[in-house]
Every structure is written in C-alpha cells, then in structure tokens.
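Below is one structure, written out as structure tokens; the observations come after it.
Each ligand, and each atom within it, is numbered from 1 in the order the structure gives. Predicted model only: the values in this text are computed from it and were never measured.
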Amino acid sequence: MGHDLPQPRAVLGGLPAYKPGKPPTPVAGLTAYKISSNENPYAPLPSVLDAVRCAAERMNRYPDMGNTALREALSTYLGVPAEWIACGTGSVAVLGQIVDAMCDAGDEVIYAWRSFEAYPIVVALAGAFSVQVPLTKEHRHDLPAMAAAVTDSTKVILVCTPNNPTGTIVTDTELRTFLGRVPPHVLVVIDEAYLEFGTDPAAPDALALLHEHPNVVVLRTFSKAYGLAGLRVGYAVAHPEIAEALRMTATPFGVNLLAQEAAVASLAARDELEVRVKDLVAERDRVEAGLAEQGWVLPPSQANFVWFPLGEDTPAFAAACEEQALTVRPYAVDGVRATIGEPEASDRLLDIAAAWRAARH
Ligand SMILES: *Cc1c(COP(=O)(O)O)cnc(C)c1O
C-alpha cells in the first residue's frame, strides 16, 4: 500500500491480537465443548429472557443514555449512591473509559503479567504505556513490586483479583498494605470480573476499600457469573468525580436497551443466579480435587477456570484437548486456562489430564 493512502496509527501495528476462544473442532462421536472463554454454561433464566423479549419491542428507540434504571438497581444492590456508578459495553469497555479518562499519551499503566490479555490492548490504544510486573512463582500478583514500579508518569494501576488466567487472588491485607504505599493521585482499579466465584475469606472487600480510598475504582461485569456475555454490560464503582469522568468517556448510548433490561432483571433474579454460581464453584472444587489426585500441582482457583502452568508443553496439551473436541485457551509457552462449564466437559478434561500425566510420569 502506498504511503500516500490513509494510514492507521502506527500503534495498531504493534498491538497484541485479542484471541477470542476458537469454536471447537468437530470430532466424530464426541460432543464438542468450548471451555476457552470463561463463559457461563447455563442458558438465560426465563425471567431475564422475558425482560429482553419485552425490551426488543422497543428497539426502534435509543436506550436510556444515563443507564438510570440499571444504576438505581446497582445502587440498591451495592449500597452506594447511583452517582458512584458508571456503565459500559462490558467491563473491558469500562476499562477503556478509565484509561481514556486518566491517561495522556506516554502516561504509564502498571499491571501484573500474565493477566487479562485485554489490558495491553486497551492501554496501547489510549496511547499510554504498559508497565508489566511479573507474577510471583505462585502465579500471584507481586503487589510490593507493583508499588515499587510507580513513577511520576504512573496514572493507573490494574489489580485483577481473581487473576485471569491464573485464578489467584490478592488478599485484603495485601491490598490494604499496597493502597497504603500507592500515592493518592494514582488510580487503582480492582478488576473483580470473577468475584462471585470466590470462596476464600481472605479475599478483599473492594467496596469497603473504595470507601476508605478515593483513588480506588471497582470494576465488575455481568458477563461471567450473571451469564450475559453476549449482551455486553459491565460497570465501575468509583467516587463521584471519577465516575462522572467515566460516564464522559463512554460511547453515547453504548449499553443497549436489551442489555440494560437484562442486567436489571438479573439483579432481581440474584438468588436463582447464585444457586448456579454455587454449582459451578462445586464443580470447580471437584475438578481441582480430581487433578490434585492425579498429581497436578495447580494454583488454587477462586474463579470459574483452572490454570495449568505447563510452560513449553502448553501447545501440546492444548492440541491433546482439541483432539478430544475440547477447546481450551493456551497462552504461548506459559500455560493453559480451562473454564469450568458443563460437567461432561470437566470429565473429559480430567481424562485428558490423567492420560497426559500417565504418559510423562
Ligand atoms: C471477562 C473479563 C472481564 C469482563 O469482560 P466483559 O467486557 O465485561 O465481557 C473483565 N476483566 C477480566 C479480567 C475478565 O476476564
């Protein structure tokens, strides 16, 4: 292409590709399962589907740009004023709103690595600079190293807990110590996409920390525990000046009518959804116990997935899964993430993991 033609920004050429979970490859005689995107395996609740069907009758109209009903429902659920809440088209988009609101070109955003693969993309697109701090040997955030990485250019720090893809949490105590060290003008985003799957009492109380630290933002989504990944809705909870800035950097009318209605209906159906989450947690415990029995030593997961730190063996393990019509998520030569979904998929994962060990030990 000639250089006299319009050229996309150079930053696009260097962006890591966000690899969505591939559709499973069919294998004769086997039901294919996609356990590569941390999706909720349950079909939508009837009450949520009804709300979406009703909303569809009005889709000639724009949605409520202020997300009023959703923010009111979240306000009641979370016990914070509606002014503290900003919504977006998935929490990835809300993260984009955060970086757009806080960072000028060249400003630094610190986060752990490996962590959520959307982070480097969102940061680079905003023209900001990623500072990646390696996880510890236990596949956990190294919060002291992250605090030590703060410079005069640092505007935002992302803390992913439970961490995608390793499933580990930072503890409340660790996060409190960390917040005590971070300068108050640096925004600390606590990404709790998998919060609802956590059972460890040492996990942070992010909303309490938000009340104590005006530089904290809590990021949540309806995509995982609430099962609305296809509708794209997430939100941030922050002090009102920050929340207002996040509403200013949102795509106007971004969260669509169906998504707003589905999210409100899902909060109303919370008890039913919690039963499903409990079942997924029990399924995760079953898978972890099975793998431990086979001799695997994996980081304990507080999310709806497990992490196999396979290093160089990562592509081979993913290929072994693919041969059995099971799509998992390989990360280069770091490891494989497998979502806890249908029990049949977990059973197959356990069989493949057992055969893998038997062949190598
Ligand atoms: C899945 C996920 C999200 C949420 O993505 P949505 O855009 O809300 O679907 C946010 N953070 C992490 C770490 C995730 O894994």
Side-chain angles (χ1 to χ4, degrees), residues 16 18-21 34-41 44 67 70 74 85-100 109-123 125 130 132 135 139-141 156-170 188-198 203-204 206 217-237 246 249-251 254-256 258-260 262-263 266-267 277 280 284 299 301-307 328-329 331 335-341:
Y18 188 121
K19 298 198 198 88
K34 177 169 168 274
I35 54 170
S36 54
S37 296
N38 295 343
E39 291 156 336
N40 193 313
N67 301 290
L70 175 54
L74 284 168
I85 297 163
C87 301
T89 58
S91 57
V92 172
V94 184
L95 184 63
Q97 292 160 229
I98 293 172
V99 179
D100 284 347
V109 179
I110 299 173
Y111 52 87
W113 200 251
R114 189 170 276 285
S115 189
F116 188 28
E117 61 191 314
Y119 294 163
I121 300 173
V122 167
V123 171
L125 277 181
S130 280
Q132 300 183 336
L135 297 171
H139 314 281
R140 304 183 65 234
H141 278 53
V156 178
I157 306 178
L158 310 176
V159 177
C160 188
T161 180
N163 187 46
N164 176 8
T166 60
T168 53
I169 57 161
V170 302
V188 177
V189 180
I190 307 175
D191 184 346
E192 296 195 308
Y194 301 97
L195 168 80
E196 294 85 353
F197 301 103
V217 173
V218 180
L219 198 56
R220 302 221 180 135
T221 179
F222 285 93
S223 293
K224 309 285 163 54
Y226 286 78
L228 300 184
L231 283 176
R232 314 307 304 128
V233 52
Y235 60 96
V237 194
L246 303 188
T249 50
T251 302
V255 184
N256 72 68
L258 311 191
Q260 292 190 38
S266 297
L267 287 170
V277 168
L280 288 169
R284 174 189 76 207
S301 174
Q302 286 289 293
N304 64 339
F305 52 82
V306 290
W307 174 246
V328 293
R329 182 69 175 83
Y331 290 85
V336 165
R337 189 191 69 198
T339 306
I340 303 301

Only distances under 3.5 Å count here; give the side-chain donor-acceptor pairs of residues 157-168 to other protein atoms, sequence neighbours excluded, each with its distance to 0.1 Å.
| residue | atom | partner | partner atom | Å |
| --- | --- | --- | --- | --- |
| Thr161 | OG1 | Val170 | N | 3.1 |
| Asn163 | OD1 | Ser115 | OG | 2.6 |
| Asn163 | ND2 | Arg114 | O | 3.1 |
| Asn163 | ND2 | Thr166 | OG1 | 3.0 |
| Asn164 | OD1 | Arg337 | NH1 | 2.7 |
| Thr166 | OG1 | His139 | O | 3.1 |
| Thr166 | OG1 | Thr168 | OG1 | 3.2 |
| Thr168 | OG1 | His139 | O | 2.7 |

Gln260 side chain reached by Leu258 side chain, heavy atoms, under 4.5 Å: no
Output the set of protein residues with a heavy-atom contact under 4.0 Å to ligand 1, ordered first by chain identifier and then by residue number. Gly90, Ser91, Val92, Phe116, Cys160, Asn164, Asp191, Ala193, Tyr194, Thr221, Ser223, Lys224, Arg232
Does Ser36 use its side chain to pair, donor to acceptor, with the backbone of Val328 at less than 3.5 Å? no
So how far is it from Asn38 CG to Lys224 NZ, rounded to the nearest 0.5 Å? 6.0 Å
Testing the 3.5 Å rule here: is there a donor-acceptor pair between the side chains of Gln132 and Tyr111? yes
Give me the one residue out of Val277, Asn40, Thr221, Leu267 that meets side chain to side chain contact (heavy atoms under 4.5 Å, CB included) with Tyr226. Leu267
